[in-house]
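Working notes, structure below.
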2 protein chains.
Amino acid sequence: MAVETILVIDDDQDLRGSIVEILSNDGFHAVGSESAEAALETIRALKPSLVIVDNMMPGMGGMALMPLLKKDFPNIRIIMITAFSTVENAVTAMKSGADDYISKPFRRDELLVAVRRNLEELKFTSQFLESGMDDILACLANQIRRQILATLACEKQMRFMNLTRHLGIADHTKVNFHLKNLKMNNLISQDREKVYRLTAEGEKMVDCLQLLSSRIPS
Amino acid sequence: MAVETILVIDDDQDLRGSIVEILSNDGFHAVGSESAEAALETIRALKPSLVIVDNMMPGMGGMALMPLLKKDFPNIRIIMITAFSTVENAVTAMKSGADDYISKPFRRDELLVAVRRNLEELKFTSQFLESGMDDILACLANQIRRQILATLACEKQMRFMNLTRHLGIADHTKVNFHLKNLKMNNLISQDREKVYRLTAEGEKMVDCLQLLSSRIPS
DNA sequence: CCACTCTGTGAACTGTGCTTCACATATCTC
DNA sequence: GAGATATGTGAAGCACAGTTCACAGAGTGG
């Protein structure tokens with residue numbers, strides 16, 4: 001999370017150099033690549049957050065590169081440089097998978113604005129991809145587990161069979177199954193005396209659930 | 001959600017009557033029942049929020065009633081009246097599934113405090129059982145669906161194939177599957193021009209997810 | 001009109017989450 | 001120490017979510 005790396009792909013060395021320079025001066029870690037083919041390796045090595053690519057290049061153009069890129073690195077943002085400011089170019093750029101585009105010729109601040117905007121959006125969307133998210137949400141998407149959390153939030157601590165009776169569930173192994181799940185997700189813990197409690201994270205989730213339930217239309 | 005209904009089960013008519021009176025005077029809708037057997041029908045009919053039951057009764061005692069009750073109506077709270085204030089009685093009461101207990105003899109305010117506390121906790125825990133909760137959370141517990149939500153939150157509106165390319169997913173039918181799911185849960189909508197957008201509820205969920213992700217430890 | 005993209009449906013397959021049952025160890029109580 | 005209760009494991013089965021594939025009507029552009 002140090003500095004954002006940006007890869008600039010353009011066969012025109014002058015343009016490429018000047019883009020890299022502009023970005024570098026603005027505090028980004030910018031790297032250039034003179035062809036799409038060469039870029040693929042660089043991307044694999046550097047894992048840039050953002051790629052700026054010219055759509056008109058000898059060999060593989062930007063249009064062809066983008067599907068490949070999106071497929072292997074879905075969370076890399078792509079800004080395409082289109083030849084001239086025509087609606088048509090813009091549309092085709094977006095259609096082939098670009099997240100944004102700028103048209104030649106562009107000013108320094110046009111470039112920087114586009115870059116910053118896309119990095120912002122990237123930060124926003126990548127929040128939703130955080131690894132733990134799936135597990136936590138799947139864990140919460142079960143009535144019994146939420147009931148357990150709610151109960152522990154009220155009673156602070158509880159033993160196994162006590163909890164089972166409290167929930168009115170006949171089969172204790174069923175409760176055990178869900179307790180294990182909650183434990184795996186670090187929402188509850190069990191001390192030496194076998195007493196179950198909410199963890200700090202568990203309490204946070206209880207808060208979140210309360211907030212969520214207040215937002216769900218009845 | 002009008003007035004909370006409370007069922008009082010006690011074979012002692014004097015005690016039962018006075019409890020019902022105390023509760024009624026405090027604004028609750030209190031009903032009496034003279035045996036556990038008779039109570040079961042009343043419960044089925046009235047769906048009370050809370051049941052107050054004496055554990056020493058001819059016929060089925062409170063102890064025997066509670067597992068039955070919890071099984072059929074897991075979200076009814078049970079307060080047990082124990083004969084005398086002994087630790088032993090309290091423990092066995094809780095062990096057999098009571099949510100709370102009061103010991104004879106008790107004062108008016110002891111009763112009311114216990115009733116209010118349990119109704120509070122009931123309100124809290126029943127939030128977590130809301131029907132829509134399972135569906136929404138299960139819907140959010142999927143990376144692709146969250147990605148779609150995030151994308152729509154950024155771009156406001158998007159067509160099908162545009163979205164598909166943006167996500168970098170090769171198989172469009174896969175995206176379609178998740179879109180359908182999101183639509184079913186009213187998080188996104190589609191107008192006549194086939195443009196997908198977040199619904200109001202979808203936007204709320206995006207907010208919730210953002211909040212959630214900030215609370216999950218990296 | 002032909003070709004191509006867009007948008008979507010339905011069926012087959014697969015993995016996994018949840019439940020249930022049978023059984024195994026502790027732990028407590030008398 | 002014997003019997004009950006508490007706590008937990010592991011395997012079998014079921015249902016369902018997610019993926020993939022084959023296909024099809026609707027639009028669109030040349």
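Computation of the quantities below employed the complete heavy-atom set of this structure, encompassing side-chain atoms and omitting hydrogens, waters and symmetry-equivalent molecules. Below, chains carry the letters A, B, ... as their sequence lines are ordered, and counting in each starts from 1.
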Sorted by first residue and then second, give each ring-ring contact (aromatic ring centres under 6.0 Å, His included) pair with at least one member in residues 125-148 of chain B; sequence neighbours left out. B:Phe124-B:Phe128
Show me the pairs that pass salt bridge (Lys or Arg N to Asp or Glu O under 4.0 Å) and involve residues 136-148 of chain A, at least two apart or across chains. A:Arg146-B:Asp134
Under 4.0 angstrom between B:Tyr196 side-chain N/O and C:dC6 OP1 or OP2: no
Sorted by chain and residue number, the side-chain contact (heavy atoms from CB on, under 4.5 Å) partners of A:Thr173 (sequence neighbours excluded) come out as A:Asp171
Specify the separation, in whole Å, of atom CG of B:Asp171 and atom P of C:dC6. 14 Å
With the threshold set at under 4.0 Å for non-hydrogen atoms, list the residues of residues 175-190 of chain B touching DNA chain C in residue-number order. B:Asn176, B:Lys180, B:Gln190
All side chain to side chain donor-acceptor pair (under 3.5 Å) counterparts of B:Gln157, not counting sequence neighbours: B:Arg197
Return the orientation label for the A:Tyr196 and A:Phe160 ring planes: parallel under 30°, perpendicular over 60°, tilted otherwise. tilted
Once salt bridge (Lys or Arg N to Asp or Glu O under 4.0 Å) is applied, what residue pairs with a partner in residues 110-120 of chain B remain, sequence neighbours excluded? B:Asp26-B:Arg116, B:Asp100-B:Arg117, B:Glu120-B:Lys123
Rounded to whole Å, the CD-P distance (A:Glu193 to D:dG8) equals 13 Å
Between atom NZ in B:Lys174 and atom P in D:dA22, what is the gap in whole Å? 16 Å
Under 3.5 Å, side chain of B:Lys156 to main-chain N/O of B:Ala153, donor-acceptor pair present? yes
What salt bridge (Lys or Arg N to Asp or Glu O under 4.0 Å) pairs are there with at least one residue in residues 172-186 of chain B, not counting sequence neighbours? none
Taking N or O atoms only and anything under 3.5 Å, show me the protein contacts with nucleotides 22-27 of chain C, one pair per line.
none

Can you check the A:Asn162 CG to D:dA6 C1' distance for me, whole Å? 11 Å
For B:Thr164, which residues count as a side chain to side chain donor-acceptor pair (under 3.5 Å) partner, sequence neighbours excluded? none
Which pairs, protein N/O on one side and nucleotides 27-29 of chain D N/O on the other, fall under 3.5 Å?
none

A:Ile19 vs A:Ile81, test: side chain to side chain contact (heavy atoms under 4.5 Å, CB included). Steps then yes/no. CA-CA 11 Å; A:Ile19 294 178; A:Ile81 303 175; 3.8 Å; yes
Is there a donor-acceptor contact under 3.5 Å from the side chain of A:Thr199 to the main chain of A:Ser189? no
Pairs in or reaching into residues 41-51 of chain B: which pass side-chain hydrogen bond (donor to acceptor under 3.5 Å, both in side chains), with residues at least two apart or in two chains? B:Glu4-B:Ser49
Any donor-acceptor pair under 3.5 Å linking the side chain of A:Asp99 with the backbone of A:Arg77? no
Pull out every residue in residues 134-145 of chain A that has a heavy atom closer than 4.0 Å to any atom of DNA chain C, ordered by number, or say none. A:Asn142, A:Ile144, A:Arg145
Atom CD1 of B:Ile169 and atom C1' of D:dT20 are separated, to the nearest Å, by 13 Å
When rounded to whole Å, the CE to P distance for the pair A:Met161 and C:dC28 reads 15 Å
